[in-house]
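Every number for a ligand or one of its atoms is a count from 1 in the order of the listing.
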Amino acid sequence: MQGASIDVIERKRVEESLRESEARFRAMADTAPVMIWMSDPARLCTFFNKPWLDFTGRTLEQEMGNGWSEGVHPDDLGQCLDVYVTSFDARKNFTMEYRLRRRDGEYCWILDTGVPRLDDRGAFLGYIGSCIDITDRRQAEEKFRRALEFLPIAILMVDQQGRIVLANEKTEKLFGYRSDELSGKPATMLVSQLLGGSDSTPQATLSSMAQSGVVGAPRDLFARRKDGTEFLIEAGLNTLRFEDEVALLAVIVDRSERYELYRNRQELAHVTRVSTMGELAASLAHELNQPLTAIQINAQAAQRFMATDSVDLAEVREILKDIVQDNDRAIQVIRRIRALVKKGEREIASLDLAAVIRDVVLLLHSDAILRGVCVSLDIDANLPTVRGDKVQLQQVTLNLLLNAFDAMESRPASDRVVAVFITLESPGTVRVAVRDRGPGLSSSQLAMIFKPFFTSKREGLGLGLSISRSIIEMHGGRLWAENNADQGATFYFTLPVGDATQLGRLKPQP
Ligand code: ADP
């Protein structure tokens with residue numbers, strides 16, 4: 001009995017001192033320059049200081065329990081409760097930003113920081129939180145964001161971990177992304193070398209970047225669009241300091257035009273070299289033709305002269321005959337070079353296109369076997385003839401088939417199939433389709449493959465398709481490429497139908 005009454009007295013004393021210390025805490029909290037709240041182990045709020053109540057204009061009774069959540073902006077409430085409950089259950093510190101209604105009805109941005117409360121023995125008592133009004137900061141950020149939107153250049157803001165914090169509209173357009181697709185993603189997704197690292201090495205830290213010179217003068221880098229195509233940019237980096245946070249601001253200028261110009265110049269250099277070679281061959285042919293003709297005339301004169309001689313000069317005559325023949329051959333060769341260099345008229349005839357193409361497929365038969373490619377031919381019955389130069393059309397078909405073979409080089413054997421279709425597209429047009437099961441063509445390849453000197457092959461010249469296209473266009477047809485719906489690409493060409501009565505000479509291209 002005696003012991004029990006001592007216990008009761010002791011408990012009362014502890015409760016008394018607790019109440020006293022809580023009262024002291026509340027009195028202190030009411031004079032603090034921040035808003036303070038407390039919750040119990042069941043997540044329900046048990047206390048709000050005077051600055052909080054002054055701010056919301058509500059009574060303690062209204063805010064107690066979950067009442068406070070009525071003042072949170074409906075758009076932020078879900079996320080706010082989510083952070084609170086998850087952190088609470090894990091007994092972890094948290095910070096979150098949300099809009100809270102002020103007594104005049106205006107919503108203000110609040111930065112809320114919560115920490116778990118523990119008693120002397122480490123038992124969990126609930127949470128205590130402090131809040132500050134960050135509306136000014138949020139507005140400044142918003143203004144900054146809007147200012148970036150107005151700028152006519154692409155701007156990217158990157159945090160210390162190399163993640164995109166902000167990308168203005170110009171950046172989204174330049175890289176082909178929607179507005180919600182960039183935030184939080186690694187900046188290296190857009191420009192692999194932006195932060196100085198490479199795809200395989202981890203990116204540098206902001207401070208080491210500043211030392212290494214990545215920050216500062218603009219650099220020319222390769223960037224990648226959402227569709228995977230690459231283009232050239234100029235990127236300038238600057239560090240930005242927000243209170244205690246450091247971020248990186250990248251200003252990006254699209255330099256693909258400059259790159260295009262560079263490529264065009266290179267192409268031009270090639271073309272000039274080739275046409276110079278052509279001119280050289282033409283003048284060589286001209287120079288050589290005359291002395292060779294003279295040799296021929298002299299040799300023939302010698303033959304005649306020797307024929308009137310009484311001496312038997314059979315052997316000499318043989319030699320002279322050989323000279324004439326060799327000379328003839330030399331002239332033939334020179335004529336060929338001239339024909340190659342000069343854009344002359346072609347040998348146009350009425351052609352059975354199916355037979356022309358069948359010949360090419362036969363020609364490639366052993367090549368196809370060696371490379372494990374199966375070529376199928378599908379020809380419409382009763383195809384009309386076309387007008388054209390047989391050798392040139394064979395060249396075009398050969399080039400398309402060899403390109404298809406190359407494209408399927410690294411495919412499994414079952415995929416190495418080329419299907420050739422010859423159909424009557426319209427009463428006046430025959431169409432040839434060469435369909436492969438290779439990797440197909442990217443959008444940038446589709447735009448480039450018909451340009452001279454574009455090649456993706458180590459040994460490639462990049463002339464096949466451009467020459468093929470000009471041959472087909474000279475025939476009055478079209479040559480183009482499309483990706484197949486399932487796999488690989490199909491190259492098509494059309495030719496106008498024509499018979500012997502319409503024979504004529506095709507005009508060379510100007
Ligand atoms: P090259 O013989 O140098 O390859 P071409 O003009 O014949 O020159 O072709 C240019 C480029 O077009 C090739 O290097 C290749 O990248 C692409 N190409 C051509 N045909 C195909 C195809 N069937 N599938 C995929 N890419 C192709």
Side-chain angles (χ1 to χ4, degrees), residues 222 224-225 227-231 259-260 263-264 266-275 277-278 340 343 357 360-361 363-365 367-368 370-378 391-423 431-475 477-494 509:
F222 273 103
R224 196 178 299 121
R225 297 189 188 91
D227 65 10
T229 54
E230 289 204 320
F231 64 109
Y259 185 59
E260 220 18 58
R263 286 219 29 135
N264 286 346
Q266 282 199 324
E267 266 179 26
L268 205 68
H270 258 290
V271 174
T272 318
R273 209 173 311 141
V274 167
S275 61
M277 269 160 51
L340 254 181
K343 273 190 173 174
I357 289 178
V360 180
V361 173
L363 191 77
L364 282 179
H365 189 61
D367 205 56
L370 276 176
R371 299 169 79 168
V373 179
C374 177
V375 182
S376 70
L377 254 178
D378 192 334
V391 176
Q392 286 194 332
L393 294 180
Q394 282 181 333
Q395 260 180 25
V396 171
T397 313
L398 191 77
N399 184 48
L400 296 184
L401 282 170
L402 285 176
N403 271 349
F405 287 14
D406 287 345
M408 298 187 303
E409 198 104 83
S410 50
R411 293 274 148 186
S414 58
D415 262 357
R416 274 182 248 135
V417 181
V418 183
V420 183
F421 303 89
I422 314 175
T423 49
R431 192 184 76 179
V432 178
V434 179
R435 185 187 173 91
D436 66 48
R437 295 175 62 79
L441 298 152
S442 69
S443 52
S444 61
Q445 272 183 317
L446 274 169
M448 293 297 289
I449 51 172
F450 293 101
K451 293 195 177 177
F453 308 113
F454 175 83
T455 182
S456 60
K457 301 170 194 168
R458 200 142 40 96
E459 309 287 341
L461 255 186
L463 282 173
L465 286 177
S466 70
I467 291 175
S468 297
R469 181 176 259 182
S470 53
I471 288 176
I472 294 298
E473 282 175 358
M474 275 187 247
H475 279 76
R478 273 193 335 118
L479 170 64
W480 74 100
E482 280 174 22
N483 279 315
N484 303 330
D486 50 354
Q487 185 189 335
T490 302
F491 283 75
Y492 298 92
F493 66 86
T494 57
Q509 290 247 311

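On a distance-only criterion, S466 and ligand 1 share no N/O pair closer than 3.5 Å.
Contact annotation: for L400 versus ligand 1, there are no heavy atoms closer than 4.0 Å. Here D406 has no heavy atoms under 4.0 Å from ligand 1, in either its backbone or its side chain.
The nearest non-hydrogen atom to atom 16 (O) of ligand 1, considering only P439, A481, S456, comes from S456. Ranked by closest heavy atom to atom 12 (O) of ligand 1, the top entry among I449, L441, T490 is I449.
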Name the atoms and distances for all side-chain donor-acceptor pairs under 3.5 Å in residues 401-410, with sequence neighbours left out.
unit_1, atom_1, unit_2, atom_2, d
N403, OD1, K457, NZ, 2.7
D406, OD1, R371, NH2, 2.4
D406, OD2, K457, NZ, 3.0

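Note that the NZ atom of K451 and the CD1 atom of I449 stand 12.0 Å from one another [nearest 0.5 Å]. To the nearest 0.5 Å, atoms CE (M448) and OG (S456) are separated by 11.5 Å. The CG atom of L465 sits 6.5 Å away from atom CG of L479, with the distance rounded to the nearest 0.5 Å.
Close contacts between ligand 1 and G440 involve ligand atoms 25 (C) [criterion: under 4.0 Å to a heavy atom]. If you number the atoms of ligand 1 from 1 as listed, the ones under 4.0 Å from a heavy atom of D436 come out as 22 (C), 23 (N), 24 (N). Annotation for ligand 1: atoms under 4.0 Å from non-hydrogen atoms of T455 are 1 (P), 3 (O), 4 (O), 14 (O). Counting the atoms of ligand 1 from 1 in the order shown, those under 4.0 Å from a heavy atom of Q445 are 16 (O).
Annotation: cation-pi pair R435/F421 absent, no NZ/CZ under 6.0 Å from the ring centroid and within 45° of its normal.
Remark: side-chain polar atoms of T229 are not paired, donor with acceptor, to backbone N or O of R225 under 3.5 angstrom.
Not close to ligand 1: F450, with no non-hydrogen atom less than 4.0 angstrom away.
For S376, the side-chain hydrogen bond (donor to acceptor under 3.5 Å, both in side chains) test picks out no residue, with sequence neighbours left out.
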